[in-house]
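Notes follow once the structure below has been shown.
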Amino acid sequence: MKAFVFPGQGAQFPGMGKDLYDTNPLAKELFDKANDILGYRITDIMFEGTADELKQTKVTQPAVFLHSVISALCMGEAFKPEMVAGHSLGEFSALVAAECLSFEDGLKLVYKRAMAMQKACEAAPSTMAAIIGLPDEKIEEVCASINREGHVVVPANYNNPGQLVISGNVEAINEACEALKAAGAKRALPLPVGGAFHSPLMLPAQEELAEAISATEFSTPKCPVYQNVDAKGHTDKDEIKANLLKQLTSPVRWTYEVQAMIADGATDFTECGPGKALQGMIAKISRDVTVHGIEQ
């Protein structure tokens, strides 16, 4: 079975999408439509901007979403997913690809999500760190021993066996990194991010996004959508909406999501969008599947 997967924030790069825009009429139409929806020319920043300009919150998430969705749609008949999934932000791309969300509504929700997350980030000094070389269970145990009200540190991204990203207040992250290194982690690397994504510190953003998701029309997807919150495939649009909202304050269970897709028959994974991060993660999760990007 063919699975299509979509990357999250951090996959962006200067010039992203320009070749598509220049060579594919559908891509040009959709990028131009995105400029109108957003009210500014995101294509100017994607095609000509610097890496720093692409890091702007109002740009990063919509840019990765647009590149991912448009790349998939421009595959034409070759895009026939039997299941889809996305890492964090990429879940919105997956929902559009599965025709659960319209392109327009998906972009509006992604932009709303980006701005709400930025506000939450500014409310408290917070960050994330990648922990390499410890079992998930040990990282969960150490985080639980440190985590308390006002001193938050929780598992955020289960990327692949041996790599888990934690999220929380700056002080709590620093304390956890030291404790995890003492527990045997090969590396504990603070990440250059401005907030504690997929943690309880994103609750204000979740509350802000709830109204927008509630007001958006979702359709039954054309194939199962595997979601970050529970690592299960879903076709019920109400379950999908509820899980999409929970995602902001819950961990991305990517390792278990991919394992579930494989257990349900996935043998071929295609990453749609910028970068190769998901291809690397999937290859570490299983050596028994084919993994590749889009040939364009």
Side-chain angles (χ1 to χ4, degrees), residues 5 7-11 85-91 117 120-121 124-203 226-232 246-263 266 269 271 275-289 291:
V5 295
Q9 191 167 339
H87 191 287
S88 189
L89 159 71
E91 198 163 277
M117 288 173 73
C121 290
S126 55
T127 190
M128 303 174 81
I131 311 303
I132 312 295
L134 271 185
D136 293 347
E137 296 76 15
K138 186 61 182 177
I139 298 172
E140 291 166 348
E141 178 188 316
V142 170
C143 286
S145 72
I146 295 170
N147 187 53
R148 59 184 183 273
E149 189 173 347
H151 197 69
V152 173
V153 58
V154 295
N157 296 340
Y158 292 78
N159 285 336
N160 52 251
Q163 187 198 115
L164 196 158
V165 174
I166 60 174
S167 184
N169 302 112
V170 172
E171 287 184 7
I173 288 287
N174 290 339
E175 183 181 339
C177 283
E178 291 306 313
L180 288 163
K181 282 189 280 190
K186 291 178 182 175
R187 302 178 82 183
L189 305 169
L191 299 176
V193 297
F197 305 141
H198 302 290
S199 83
L201 295 175
M202 286 292 113
L203 186 58
Y226 286 72
Q227 293 192 274
N228 296 167
V229 167
D230 61 3
K232 294 177 182 177
K246 289 177 194 169
Q247 189 218 65
L248 272 180
T249 55
S250 303
V252 174
R253 300 185 179 277
W254 187 251
T255 299
Y256 308 106
E257 209 168 330
V258 172
Q259 289 171 342
M261 296 169 85
I262 295 170
F269 286 82
E271 181 172 10
K276 297 182 178 181
L278 298 186
Q279 295 171 60
M281 291 178 197
I282 294 167
K284 289 176 181 174
I285 294 168
S286 173
R287 295 181 180 179
D288 298 326
V289 297
V291 187

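Reckoned from all heavy atoms, side chains included, excluding hydrogens, waters and symmetry mates.
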Look at the side chain of [X] and the backbone N and O of [Y], then say whether any donor-acceptor pair between them is shorter than 3.5 Å.
| X | Y | result |
| --- | --- | --- |
| N147 | V154 | no |
| E271 | Q279 | yes |
| N159 | V165 | no |
| T255 | N160 | yes |
| S145 | C143 | no |
| E91 | N228 | yes |

Identify the heavy atoms of [X] and [Y] that sit nearest to each other, and give their distance.
| X | Y | answer |
| --- | --- | --- |
| A185 | I131 | CB-CG2, 3.9 Å |
| A176 | I146 | CA-CD1, 3.5 Å |
| S126 | V170 | N-CG2, 3.7 Å |
| A260 | A231 | CB-O, 3.3 Å |

Checklist entry - Does NZ in K276 sit with more than 12 non-hydrogen atoms of other residues, nucleotides or ligands closer than 6.0 Å? => result no

Checklist entry - Is the count of non-hydrogen atoms from other residues, nucleotides or ligands lying under 6.0 Å from E175 atom CD greater than 12? => result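 Counting neighbours around CD of E175, more than 12 heavy atoms of other residues, nucleotides or ligands fall under 6.0 Å, so yes.
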
Next on the checklist: Working note: L180 + I166, criterion side chain to side chain contact (heavy atoms under 4.5 Å, CB included); need CA distance, chi angles, decisive distance, verdict.
Outcome noted: CA-CA 11 Å; L180 288 163; I166 60 174; 4.1 Å; yes

Any chance you could measure [X], atom [atom1], to [Y], atom [atom2], to the nearest 0.5 Å?
| X | Y | atom1 | atom2 | value |
| --- | --- | --- | --- | --- |
| L134 | E140 | CG | CD | 11.5 Å |
| N157 | L164 | CG | CG | 7.5 Å |
| Q163 | D136 | CD | CG | 10.5 Å |
| I173 | T127 | CD1 | OG1 | 6.5 Å |
| Q259 | I282 | CD | CD1 | 11.5 Å |
| E257 | M281 | CD | CE | 11.5 Å |

Next on the checklist: Are F269 and L278 packed together at the side-chain level, in the sense that at least one heavy-atom pair is separated by less than 4.5 angstrom?
Outcome noted: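 Of all side-chain heavy-atom pairs linking L278 with F269, none is under 4.5 Å.
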
Checklist entry - Should K138 and V142 count as side-chain neighbours, where that means a heavy-atom distance under 4.5 Å? => result yes

Checklist entry - What residues, two or more places apart in sequence or in another chain, satisfy ring-ring contact (aromatic ring centres under 6.0 Å, His included) together with Y158? => result Y256

Checklist entry - With H87, which residues qualify under ring-ring contact (aromatic ring centres under 6.0 Å, His included), at least two apart? => result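 Per chain and number, H87 pairs via ring-ring contact (aromatic ring centres under 6.0 Å, His included) with W254.
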
Which donor-acceptor pairs under 3.5 Å do side chains of residues 187-203 form with protein atoms, sequence neighbours excluded?
{"residue": "H198", "atom": "ND1", "partner": "Q247", "partner atom": "O", "Å": "2.8"}
{"residue": "H198", "atom": "ND1", "partner": "S250", "partner atom": "O", "Å": "3.2"}
{"residue": "H198", "atom": "NE2", "partner": "S88", "partner atom": "OG", "Å": "2.7"}
{"residue": "S199", "atom": "OG", "partner": "A196", "partner atom": "O", "Å": "2.9"}
{"residue": "S199", "atom": "OG", "partner": "L201", "partner atom": "N", "Å": "3.1"}

